[in-house]
K.L.:
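Can you read through this structure? Questions will come right after.
Since we're looking at a predicted model, the values are computed, not measured. In the text below, chain A, chain B and the rest are named by the order of the sequence lines, each starting its count at 1.
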Amino acid sequence: MKWSKAFIPTIKEVPRDAEARSHIFLLKAGFIRQHQSGVYNILPLGWRSMLKIMQIIREEMNAIGGQELLMPALTSADLWRESGRWVDFGNEMFRLKDRKGKDQALAPTHEEIIADIARNEIRSYRDLPQIWYQIQTKFRDEPRPRFGLLRVREFIMKDSYSLDRDFEGLDVSYELHKKAYTKIFDRCGLKYTVVQASSGLMGGSQSEEFMVISDAGEDTLAICDKCGYSANTEVAEGKIPEESVPPAHTKREKVHTPGIKTVEEVSRFLGVTPKHLVKTLLFVVDDRMIAILIRGDYEVNEAKIMRKFGPSIRLATPDEVKERFGVSVGFLGPVKLDVDEIYADFSVKTLKYAVVGANEDDYHLVGVDIQSDVNIKEFGDFRIVKEGDLCPRCGNPLKVRSALEIGHIFKLGLKYSEALHAYYMDKDGKERPIVMGSYGIGVGRIMAAAAELYGDDNGLSWPINIAPYEVEILELNSPRTGEIAESIYKGLQESKVDVIWDDREASPGFKFKDADLVGIPVRIVVSDRKVKNGMVELQIRRDGTRKDLKIEDSISYVTDLVRRMKKENATG
RNA sequence: CGGGGCGUAGCGCAGCCCGGUUAGCGCGCCUGCCUUGGGAGCAGGAAGUCGGUGGUUCAAAUCCACUCGCCCCGACCA
């Protein structure tokens, strides 16, 4: 491609609405443009990059026996009603009606459609196992799209589904996917970790996420450097470090704490630490009200609570609390609290002199012995792991890091096959539900993750396997150097190198800046200065390496270099 | 959904408080000359429903009301 003919709208100013690094540079380098909140045009450079990502995905999915198909984005509500997700998806599902008034959904994922195909077509154990996948646009009406391509409402996803006779088969399909994903992300040049995750709305028994450590990520991971334990904090466990917190109040008494509500305020007011405090959170489950106690320096983990008490559990509103107990939420406490059940996180188990709300506005109790003063039904793990908690496996202090999710694999089990009645006949003539797995990769997120991960203040720096072009010829002194540039350009094209030639009539600085911004990994600078000595200059975007090449050697040298870099799956 | 911020030329912004000339600046764009190893220079030029609607006023980018859009923080943590 000649740059002069290409549509690469780079911009010099930092776009006002962009803050995340990937968002800023993908806009500046002309890869994407926003259409509306959470919806983007993918411009030619961006699409080239995404096509390469999709091609890698295809190759690796095919390698594990996956068969590509294409399912509709426009789906009937009937199927979603069968699984219950017409309700469960809530506002995240884009809904519309057709001209007859029939409910439709723009599919956020395709478990139901797969189960529908399977129940209509899969009859016998001989038809199994199957792995079906598609690369297709998904729609999710996210409450808050953000960070450019990182959280969007319309996005391209590779989603695959495994259908197996039994759970042993599912384990096999799952491991195949895990291996394929590892290869895919390796080839894309990303640094990532695999973590235990929560299966959330998907259901099922086990799930793992592929995560890129990045401040732009919206997930939080707990990581153990020593034994390799890593988990999303939605599910991560941790041991509480043992430390002696000297008791502040050894006598149980009621103290006046006018208007002092939050953990920080109470700690400061009473001269204690958050570790002396116990927070009392009230939750509504169906029509029961339960309390959960947790130490003041921890947060309650909603995902864990939902797993224990069911997805309908919700925090009681301050108004509900006020109405039922006549007390503001800041002064709730577990002593003589009239709720159906009281549960407590392990973090409060040993507290003998705790500070708690007095269930009376403007008063707290101090010196409370949690075990003997409170009627606790059960201790459990209800907290979000925090930095410094100890690894559940080896006891090493855990690190907590932000990360962004690029892939997620689930063992679904029978949820959808049972709900939609996708059954097959086994060897013994018995009907059995198909065992399902589902596996997703965000294509745009891979591109955005690479943009977050690699580059510098001047712009992007693509891993060569997902770069929109592999080589850029930067011709400085057009038209005098044009002939040399063109011969290298044609030579590289003939040896199947993906090359763009910046043949524009512009100043050198201008072209260098654009080149840095767009981040093509290999650059050949063709200038008067070098050409008169029979040379051109090779530059590597990632590390800034420069090297002179003889003109006549340049094509074979660069062809070779590109081949090598691709194989080494050289990153950025 | 709660809180905050922002909508003025293609992009980035000033002007708004304190209403009053033809609404400015930088970049970009077009024409010509010139220049070519890190976003060059000179000259000329085009380009604006001041997000929208309604109101106040002799007069509105500016004041008021409503509304739409975009970004950021948070989403019940007591």
Side-chain angles (χ1 to χ4, degrees), chain A residues 9-20 23-24 27-28 30 33-39 90-91 141-148 151 218 257 259-267 274 277-284 291-302 304-305 313-322 325 327-334 345 347 355-357 359 361 364 382-384 386 458-459 474-482 502 504-517 523 525-531 536-537 539 544 546 548:
Chain A
T10 58
I11 41 187
K12 213 189 310 191
E13 317 260 6
V14 177
R16 181 191 5 200
D17 288 339
E19 218 140 286
H23 191 196
I24 291 172
L27 283 169
K28 285 186 72 175
R33 287 292 184 268
Q34 186 173 47
H35 169 76
Q36 57 172 331
S37 178
V39 181
N91 287 330
D141 198 356
E142 295 286 345
R144 192 175 153 210
R146 58 179 132 182
F147 304 149
R151 181 159 295 274
E218 296 181 274
T257 50
I260 310 292
K261 292 194 255 192
T262 66
V263 169
E264 288 71 36
E265 288 166 359
V266 175
S267 306
L277 270 61
V278 170
K279 294 194 281 195
T280 304
L281 290 317
L282 295 186
F283 288 86
V284 179
I292 292 181
L293 312 183
I294 193 162
R295 210 170 71 184
D297 58 327
Y298 280 105
E299 304 294 336
V300 163
N301 188 325
E302 233 169 301
K304 287 181 181 174
I305 302 252
I313 190 165
R314 63 173 179 83
L315 202 63
T317 64
D319 287 347
E320 284 172 322
V321 172
K322 186 90 194 175
F325 302 100
V327 60
S328 306
V329 287
F331 299 99
L332 272 172
D345 183 73
S347 58
V355 177
V356 302
N359 291 326
D361 278 3
H364 279 78
F382 302 121
R383 68 192 178 281
I384 297 176
K386 59 176 193 179
N458 293 321
L474 202 159
E475 177 199 345
L476 281 192
N477 312 99
S478 171
R480 290 191 297 281
T481 47
D502 191 347
R504 294 174 297 174
E505 287 192 27
S507 69
F510 188 90
K511 291 185 172 186
F512 277 118
K513 290 289 184 191
D514 260 1
D516 287 346
L517 190 53
R523 186 184 302 167
V525 181
V526 181
S527 65
D528 267 346
R529 195 156 106 179
K530 302 277 179 182
V531 164
V536 292
E537 184 174 288
Q539 298 185 357
R546 298 176 180 205
D548 286 349

K.L.:
Counting Watson-Crick and G-U wobble pairs only, both distances under 3.5 Å, name the nucleotide matched with rU21(B), or none.
P.N.:
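None - no nucleotide pairs with rU21(B), as no candidate has both distances under 3.5 Å.
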
K.L.:
For Asp17(A), check side chain to side chain donor-acceptor pair (under 3.5 Å) against everything at least two apart and list the hits.
P.N.:
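Not a single residue meets the side chain to side chain donor-acceptor pair (under 3.5 Å) criterion with Asp17(A).
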
K.L.:
What is the nucleic acid contact for Glu299(A), judged by heavy atoms within less than 4.0 Å: base, sugar-phosphate only, or nothing?
P.N.:
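Touches a base.
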
K.L.:
With rounding to the closest Å, how many angstrom separate the P atoms on rC6(B) and rC63(B)?
P.N.:
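My reading of the P atoms in rC6(B) and rC63(B) gives 13 Å.
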
K.L.:
Is the shortest distance from a Lys or Arg side-chain nitrogen in Glu218(A) or Arg144(A) to a carboxylate oxygen in the other one below 4.0 Å?
P.N.:
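Looking at Glu218(A) and Arg144(A), the cut-off is not met.
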
K.L.:
Under 3.5 Å for both donor-acceptor distances, Watson-Crick or wobble: does rU49(B) have a partner, and if so which one?
P.N.:
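Across all strands, not a single nucleotide pairs with rU49(B).
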
K.L.:
Measure the shortest side-chain to side-chain distance between Ile260(A) and Glu265(A) over non-hydrogen atoms and say whether it is less than 4.5 angstrom.
P.N.:
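Yes, at least one pair of side-chain atoms sits under 4.5 Å.
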
K.L.:
Can you check the distance between rC33(B) and rA14(B), where both ends of the measurement are the P atom (answer in whole Å)?
P.N.:
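38 Å, rounded to whole Å.
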
K.L.:
Using a cut-off of 4.0 Å on non-hydrogen atoms, how would the nucleic acid contact of Ala506(A) be classed: base, sugar-phosphate, or nothing?
P.N.:
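Since a base atom lies under 4.0 Å of Ala506(A), the category is base.
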
K.L.:
Looking at residues at least two apart in the chain, or sitting in another chain, which of them share a side chain to side chain contact (heavy atoms under 4.5 Å, CB included) with Glu537(A)?
P.N.:
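Once residues adjacent in sequence are excluded, the partners of Glu537(A) under the side chain to side chain contact (heavy atoms under 4.5 Å, CB included) criterion are Val525(A), Lys530(A), Gln539(A), Arg546(A), Asp548(A).
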
K.L.:
Classify Ser37(A) by what it touches in the nucleic acid, base, sugar-phosphate, or nothing, heavy-atom distance under 4.0 Å.
P.N.:
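Here Ser37(A) touches the backbone only, sparing every base.
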
K.L.:
Looking at rA59(B), which nucleotide sits across from it as a Watson-Crick or G-U wobble partner, both distances under 3.5 angstrom, or is there none?
P.N.:
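Partner of rA59(B): none.
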
K.L.:
With a non-hydrogen cut-off below 4.0 angstrom, is Pro143(A) in contact with a base, only sugar-phosphate, or nothing?
P.N.:
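Base: the residue Pro143(A), judged by heavy atoms under 4.0 Å, touches a nucleobase.
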
K.L.:
Base, sugar-phosphate, or nothing: which does Glu505(A) touch, judged by heavy atoms less than 4.0 Å apart?
P.N.:
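Answer is nothing: Glu505(A) stays at 4.0 Å or more from every strand.
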
K.L.:
Under 4.0 angstrom, heavy atoms only, what part of the nucleic acid is Gln36(A) near: base, sugar-phosphate, or nothing?
P.N.:
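Since only primed, P, OP1 and OP2 atoms lie under 4.0 Å of Gln36(A), the category is sugar-phosphate.
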
K.L.:
What residues form a side chain to side chain contact (heavy atoms under 4.5 Å, CB included) with Pro9(A), not counting sequence neighbours?
P.N.:
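Only Phe7(A), Arg33(A), Leu43(A) meet the side chain to side chain contact (heavy atoms under 4.5 Å, CB included) criterion with Pro9(A).
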
K.L.:
Using purine N1 to pyrimidine N3 plus N6-O4 or O6-N4 for Watson-Crick, or N1-O2 and O6-N3 for G-U wobble, each under 3.5 Å, what pairs with rA14(B)?
P.N.:
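Matched rA14(B) with nothing under the 3.5 Å cut-off.
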
K.L.:
Please determine, for rA78(B), whether a Watson-Crick or G-U wobble partner exists with both distances under 3.5 Å, and give it or none.
P.N.:
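The base-pairing partner of rA78(B), which may sit in any strand shown, does not exist here.
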
K.L.:
Say we look at rG15(B) and rG37(B): how far apart would their P atoms be, to the nearest angstrom?
P.N.:
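rG15(B) and rG37(B) have their P atoms separated by 40 Å.
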
K.L.:
When the C1' atoms of rC66(B) and rU56(B) are considered, how many whole Å apart are they?
P.N.:
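Each nucleotide's C1' atom is 15 Å from the other's.
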
K.L.:
Let me spell it out: for each of Thr262(A) and Phe512(A), pick the nucleotide of RNA chain B with the closest heavy atom. Which residue's pick is nearer the 5' end?
P.N.:
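That would be Phe512(A).
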
K.L.:
Regarding Thr280(A), tell me which of base, sugar-phosphate or nothing describes its non-hydrogen contacts under 4.0 Å with the strands shown.
P.N.:
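Result for Thr280(A) = base.
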
K.L.:
Taking the same atom, P, in rA61(B) and in rG44(B), what whole-Å distance lies between them?
P.N.:
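30 Å, rounded to whole Å.
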
K.L.:
Checking base pairs now: Watson-Crick or wobble, both atom distances under 3.5 Å. What partners rG54(B)?
P.N.:
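rC64(B) is the nucleotide pairing with rG54(B).
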
K.L.:
Sticking with atom C1', work out how far rA9(B) lies from rA23(B), rounded to a whole angstrom.
P.N.:
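It comes out at 11 Å once rounded to the nearest Å.
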
K.L.:
Please tell me which of Arg546(A) and Arg16(A) maps to the more 5' nucleotide of RNA chain B, matching each residue to the nucleotide holding its nearest heavy atom.
P.N.:
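Final value for this comparison: Arg16(A).
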
K.L.:
With both distances kept under 3.5 Å, what pairs with rA43(B), Watson-Crick or G-U wobble?
P.N.:
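Its partner is rU31(B).
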
K.L.:
Going by side chain to side chain contact (heavy atoms under 4.5 Å, CB included), name the residues that satisfy it together with Phe325(A), two or more places apart in sequence or in a different chain.
P.N.:
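With neighbours one apart ignored, the set is Leu282(A), Met289(A), Val321(A), Val327(A), Leu337(A), Asp338(A), Val339(A).
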
K.L.:
Would you classify Asp514(A) as touching base, sugar-phosphate or nothing, given that sugar-phosphate means primed atoms plus P, OP1 and OP2, and contacts are heavy atoms under 4.0 Å?
P.N.:
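Counting heavy atoms under 4.0 Å across all strands, the contact made by Asp514(A) includes a base.
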
K.L.:
Just call it for Phe283(A): base, sugar-phosphate, or nothing, with non-hydrogen atoms closer than 4.0 Å on any strand.
P.N.:
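Answer is nothing: Phe283(A) stays at 4.0 Å or more from every strand.
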
K.L.:
Watson-Crick or G-U wobble partner for rG69(B), using a 3.5 Å limit on both distances?
P.N.:
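rG69(B) is paired, partner rC6(B).
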
K.L.:
List for me each residue that meets ring-ring contact (aromatic ring centres under 6.0 Å, His included) alongside Phe331(A), sequence neighbours excluded, and say none if there are none.
P.N.:
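Only His364(A) meet the ring-ring contact (aromatic ring centres under 6.0 Å, His included) criterion with Phe331(A).
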
K.L.:
Classify Glu265(A) by what it touches in the nucleic acid, base, sugar-phosphate, or nothing, heavy-atom distance under 4.0 Å.
P.N.:
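Glu265(A): no heavy atom of the nucleic acid under 4.0 Å.
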
K.L.:
Are Asp516(A) and Lys511(A) within salt-bridge range, i.e. N to O under 4.0 Å?
P.N.:
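No salt bridge links Asp516(A) with Lys511(A).
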
K.L.:
C1' atom, rC34(B) versus rU62(B): distance in rounded Å?
P.N.:
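One C1' to the other, the span is 44 Å.
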
K.L.:
Would you mind reporting whether Asn458(A) and Leu517(A) have side-chain heavy atoms less than 4.5 Å apart?
P.N.:
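Side chain of Leu517(A) against side chain of Asn458(A), heavy atoms only: no contact under 4.5 Å found.
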
K.L.:
Any base atoms under 4.0 Å from Lys530(A), or only sugar-phosphate, or nothing? Heavy atoms, all strands.
P.N.:
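Base, at least one base heavy atom under 4.0 Å.
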
K.L.:
Give me the first and last nucleotide of RNA chain B, going 5' to 3', that has any atom under 4.0 Å from a heavy atom of chain A.
P.N.:
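In short, chain A contacts RNA chain B from rC6(B) to rA78(B).
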
K.L.:
Using the P atom as the reference point in each nucleotide, state the distance between rA47(B) and rG55(B) in Å, no decimals.
P.N.:
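The same atom, P, in both gives a distance of 31 Å.
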
